[in-house]
Amino acid sequence: MQLIPCPWCGPRNENEFIYQGDATVLRPPDPGAVSDEEWTSYLYLRDNPRGLHREHWNHRYGCRQWLELERNTLDHTIASTPIVTPKETP
């Protein structure tokens with residue numbers, strides 16, 4: 001089991017958190033103005049990076065705050081957990 005460093009609660013077991021998606025993908029500001037292809041790309045097409053990657057997580061069974069983890073996809077080490085402001089939550 002992996003420990004995730006919550007900025008509010010300290011290190012916690014990963015089963016208290018839920019993965020909420022790629023933090024590098026931004027929602028289109030006006031979804032009605034994008035083409036079907038652009039919307040499909042936003043919804044379904046994701047990179048599968050090797051190395052450091054930013055991800056949104058929610059501390060569901062703890063403080064219920066949003067985190068943005070920078071996690072290495074090769075060895076699952078966590079480089080940082082900056083605090084996510086409400087306007088940045090997925």
Side-chain angles (χ1 to χ4, degrees):
M1 198 57 64
Q2 184 172 348
L3 290 179
I4 295 179
C6 177
W8 295 274
C9 304
R12 293 291 194 249
N13 199 307
E14 70 178 302
N15 64 2
E16 291 186 16
F17 297 84
I18 186 165
Y19 175 76
Q20 292 290 306
D22 185 342
T24 64
V25 177
L26 299 176
R27 182 181 174 93
D30 183 8
V34 298
S35 69
D36 288 344
E37 292 79 20
E38 291 170 316
W39 190 246
T40 299
S41 176
Y42 165 72
L43 290 176
Y44 302 110
L45 302 180
R46 296 289 183 264
D47 292 331
N48 190 10
R50 292 177 56 125
L52 288 179
H53 185 62
R54 290 184 8 240
E55 304 168 335
H56 283 293
W57 288 74
N58 182 258
H59 195 176
R60 176 167 284 182
Y61 300 114
C63 61
R64 303 180 63 94
Q65 297 293 323
W66 287 91
L67 307 163
E68 184 180 290
L69 297 183
E70 187 174 30
R71 185 177 63 88
N72 189 320
T73 59
L74 296 174
D75 61 9
H76 300 289
T77 56
I78 297 172
S80 66
T81 55
I83 296 171
V84 178
T85 60
K87 66 179 179 182
E88 297 171 320
T89 56

message: On a heavy-atom basis, which atom in Glu16 and which in Gly62 lie closest, and how many Å separate them?
response: OE1-CA, 4.3 Å
- request: Working to the nearest 0.5 Å, report the span between SG of Cys6 and CG of Leu69.
  value: 10.0 Å
message: For a side-chain contact (heavy atoms from CB on, under 4.5 Å) check, start with the C-alpha distance between Arg71 and His53, then their side-chain angles and the critical distance, and finish with the verdict.
response: CA-CA 5 Å; Arg71 185 177 63 88; His53 185 62; 5.8 Å; no
- request: Report yes or no: does Gln20 contribute a side-chain atom to a donor-acceptor pair with the main-chain N or O of Asn58 at less than 3.5 Å?
  value: no
field: Flag side-chain contact, heavy atom, 4.5 Å: Pro28 against Glu38
entry: no
field: hydrophobic_cluster_shared for Tyr61 and Trp66, side chain cutoff 4.5 Å
entry: no
Greater than 12 external heavy atoms within 6.0 Å of Arg60's CZ: no
Pair Leu67-Phe17, side-chain contact (heavy atoms from CB on, under 4.5 Å): steps then yes or no: CA-CA 10 Å; Leu67 307 163; Phe17 297 84; 3.1 Å; yes
- prompt: Can Leu74 be reached from Ile78 by stepping across I, L, V, M, F, W or Y side chains whose heavy atoms are under 4.5 Å apart?
  reply: no
- request: Determine the minimum heavy-atom distance between Pro31 and Arg27, stating which atoms define it.
  value: CG-NH2, 3.7 Å
- prompt: Which atoms form the tightest heavy-atom contact between Asp22 and Arg54, and what is the distance?
  reply: OD1-O, 3.6 Å
task: Specify whether Trp57 and Tyr19 have parallel, tilted or perpendicular ring planes, treating 30° as the upper limit for parallel and 60° as the lower limit for perpendicular.
output: perpendicular
- request: Please name the pair of heavy atoms, one in Leu52 and one in Ala79, separated by the smallest distance, quoted to 0.1 Å.
  value: CD2-CB, 4.0 Å
- request: May I ask you to check whether over 12 heavy atoms, not counting those of Asp47, lie within 6.0 Å of atom CG?
  value: no
query: Where do Pro49 and Thr73 come nearest, in terms of heavy atoms and distance?
result: O-OG1, 2.8 Å
